[in-house]
Amino acid sequence: MSSWEDTKHVDAVLHALDARLDGTPAAASPVKRYRRVLNVVLRYGIRQNVLADNSLPKGRDENAAPKISGAVDKRSLLSPGQVAALLVWIASRPRTGHRLTAFFVTLYYAGHRPEEAVARRVEDAVLPSTGWGELRVHSAAPEGGKQWTDDVEVHETRDLKGRASLGTRTVPVPPALTSILHTLVAQDQLTGGDLFFPGEKGGLLAGSVYRRAWDKARTAVLTEREYSSPLGKQVYDLRHACLNHGIPPAQVAEWAGNSVPVLLSTYARCITGQTVEPQQRIEGPQRLPSVPLRHPCDLSEFYGCSHRCSLTRAWARTGTAALSSGQLVACDRSSQTPSSVGAHR
């Protein structure tokens with residue numbers, strides 16, 4: 001264990017964590033996660049008196065963990081028209097198209113995380129015949145892989161992210177989503193304990209299934225340039241599109257299952273309409289006053305000047321340039337009448 005106190009050994013381990021198996025640099029997010037796990041292991045060694053010190057670099061060290069941005073990339077946000085076009089294509093898929101469409105619509109309208117939508121059952125919803133309903137969110141089913149779950153299943157049922165054990169939240173359901181879920185219940189003949197969005201064999205919907213369907217829809221609907229861009233590249237971008245509006249952050253955070261600081265740091269750059277008022281407030285004080293069009297040499301000491309008296313000396317004397325339709329006014333060398341700078345060479 002003494003080798004963990006050798007900085008050369010630690011640097012070699014960090015270099016291995018920073019690279020993929022093929023030697024190319026790994027993404028910042030997994031690198032930071034791996035380093036966090038390693039830090040926990042070393043701290044455990046210190047508590048057990050196996051190590052004397054934590055030798056991982058900290059702060060501004062050249063080998064410190066890379067910085068990552070938690071903010072949503074504005075380029076990834078889909079417009080309502082683009083979402084509609086993608087969902088129309090998905091709805092045309094045989095057998096499961098209608099169910100996958102309802103799944104994606106739930107992410108878009110209710111702001112669910114994919115693992116939360118996968119775990120939703122009919123009994124969790126209050127769906128009136130018309131108007132707004134609500135979804136009671138109390139569990140999630142993230143994919144951990146059979147080798148990592150206690151029951152050797154792909155999914156693992158857990159409490160909500162960032163909430164205390166058995167915590168719940170209530171999410172409003174817009175009338176459009178209420179109607180879609182009503183139709184799904186009737187079409188698939190679902191009862192209270194049934195999953196809204198089961199897989200083809202009746203179990204939990206696999207992430208590989210809905211991700212593959214989403215990628216095929218992007219390929220079919222988007223242009224080649226749009227497909228290669230971040231636009232809607234992840235299924236999670238439907239949740240981002242839902243939370244991208246200007247209602248009070250505290251209310252959005254409650255519905256989405258985020259804290260207000262996380263919500264603001266994640267969506268501060270792209271909330272729709274948030275720049276309108278600041279732009280208007282900036283535009284007023286910054287607007288230049290309209291200056292009457294006049295001869296820049298309209299001073300006795302400059303009368304009779306020729307080409308040399310034009311712009312610089314007149315500006316210095318009057319303190320401002322005459323503005324007219326965005327053009328500066330200068331002295332015409334022959335007639336001494338106002339003319340645009342473009343004409344004064």
Side-chain angles (χ1 to χ4, degrees), residues 72 74 76-93 96-141 160-161 168-188 190 194-198 205 207 209-211 213-214 217-218 221 231-258 263 266-267 270-273:
V72 172
K74 195 170 184 178
S76 68
L77 297 177
L78 293 156
S79 69
Q82 291 167 330
V83 174
L86 291 166
L87 294 179
V88 166
W89 187 92
I90 292 171
S92 66
R93 288 169 57 91
T96 61
H98 69 289
R99 193 176 303 131
L100 286 172
T101 301
F103 170 78
F104 292 129
V105 169
T106 301
L107 305 187
Y108 178 73
Y109 275 129
H112 276 28
R113 299 179 177 92
E115 62 268 24
E116 293 172 346
V118 165
R120 289 289 62 73
R121 298 184 182 273
V122 177
E123 61 189 7
D124 298 328
V126 177
L127 303 174
S129 56
T130 58
W132 286 73
E134 63 182 28
L135 287 173
R136 296 161 183 167
V137 187
H138 55 81
S139 62
L160 298 180
K161 182 179 180 180
T168 63
R169 74 176 193 269
T170 300
V171 182
V173 177
L177 179 55
T178 299
S179 177
I180 290 171
L181 294 180
H182 263 304
T183 303
L184 179 65
V185 170
Q187 184 171 348
D188 289 358
L190 302 177
D194 293 334
L195 292 166
F196 266 120
F197 319 111
L205 180 63
V209 173
Y210 63 72
R211 285 192 294 268
W214 184 252
R218 291 184 73 247
V221 173
L231 180 65
K233 194 167 188 177
Q234 307 294 330
V235 173
Y236 208 96
D237 290 328
L238 287 169
R239 170 177 159 90
H240 293 326
C242 173
L243 304 185
N244 173 41
H245 42 57
I247 67 176
Q251 186 62 75
V252 178
E254 170 62 25
W255 291 341
N258 282 333
L263 183 79
T266 303
Y267 297 97
C270 60
I271 295 179
T272 301

**Q.** Where at least one partner belongs to residues 77-92, residue pairs that pass salt bridge (Lys or Arg N to Asp or Glu O under 4.0 Å), sequence neighbours excluded
**A.** none
Q.
With heavy-atom distances below 4.5 Å as the criterion, would you say the side chains of I90 and W214 are in contact?
A. yes
Q | Side chain proximity check, R113 to Y236, heavy atoms < 4.5 angstrom | A | yes
Q: Name all residues meeting the salt bridge (charged side-chain N to carboxylate O under 4.0 Å, His left out) criterion together with E134; count only those two or more places apart in sequence or in a different chain, and write none if there are none.
A: R136
Q) So do R120 and H138 actually touch side chain to side chain, heavy atoms under 4.5 Å? A) yes
Q: Identify the two heavy atoms, one from A117 and one from F197, that lie closest to each other, and give their separation to 0.1 Å.
A: O-CD1, 3.2 Å
Q.
Between R218 and K233, is there a side-chain heavy-atom distance shorter than 4.5 Å?
A. yes
(Q) So V137 and T168, do their side chains get closer than 4.5 Å, heavy atoms only? (A) no
Q) Is the shortest heavy-atom distance from the side chain of R239 to the side chain of P114 under 4.5 Å? A) no
Q. Hey, mind stepping through L238 and V83 against side-chain contact (heavy atoms from CB on, under 4.5 Å) and telling me if it holds?
A. CA-CA 8 Å; L238 287 169; V83 174; 4.1 Å; yes
**Q.** Partner residues of A213 under the side chain to side chain contact (heavy atoms under 4.5 Å, CB included) criterion, sequence neighbours left out
**A.** R93, L100
Q: Give the C-alpha distance, both sets of side-chain angles, the deciding distance and a yes or no for side-chain contact (heavy atoms from CB on, under 4.5 Å) between C242 and H112.
A: CA-CA 9 Å; C242 173; H112 276 28; over 6 Å; no
**Q.** Pair listing, salt bridge (Lys or Arg N to Asp or Glu O under 4.0 Å) test, anchored in residues 172-182, at least two apart
**A.** none
Q: Keeping the roles fixed (side chain from S179, backbone from A176), state whether a donor-acceptor pair exists under 3.5 Å.
A: no
Q.
Could you measure the distance from the CG atom of L177 to the NE2 atom of H182? Nearest 0.5 Å is fine.
A. 10.5 Å
Q: Determine the minimum heavy-atom distance between E116 and A140, stating which atoms define it.
A: CG-CB, 4.1 Å
Q: Would you please name every residue forming a side chain to side chain contact (heavy atoms under 4.5 Å, CB included) with L231, sequence neighbours left out?
A: L78, Q82, L222, E226, S229
Q.
Quick check: closest heavy atoms across V118 and A141, and the distance to 0.1 Å?
A. CG1-CB, 4.4 Å
Q | Residue pairs, two or more places apart or on separate chains, that pass salt bridge (Lys or Arg N to Asp or Glu O under 4.0 Å) and touch residues 170-181 | A | none
Would you tabulate the side-chain donor-acceptor contacts of residues 101-108 under 3.5 Å, counting partners in other chains and residues two or more places apart, or write 'none'?
unit_1: T101; atom_1: OG1; unit_2: A91; atom_2: N; d: 3.3
unit_1: T101; atom_1: OG1; unit_2: G97; atom_2: O; d: 2.7
unit_1: T106; atom_1: OG1; unit_2: A102; atom_2: O; d: 2.8

Q | Partner set under side chain to side chain contact (heavy atoms under 4.5 Å, CB included) for P128, not counting sequence neighbours | A | T178
Q | Donor-acceptor contact below 3.5 Å, side chain H240 vs main chain S76 | A | no
Q) Just wondering, are more than 12 heavy atoms of other shown residues or ligands nearer than 6.0 Å to OH in Y109? A) no
Q) Taking only residues two or more places apart in sequence or in another chain, which ones pass side chain to side chain contact (heavy atoms under 4.5 Å, CB included) with D188? A) H98, R99, L184, L190
Q. What are the two closest heavy atoms between L135 and A125, and how far apart are they?
A. CD2-CB, 3.4 Å
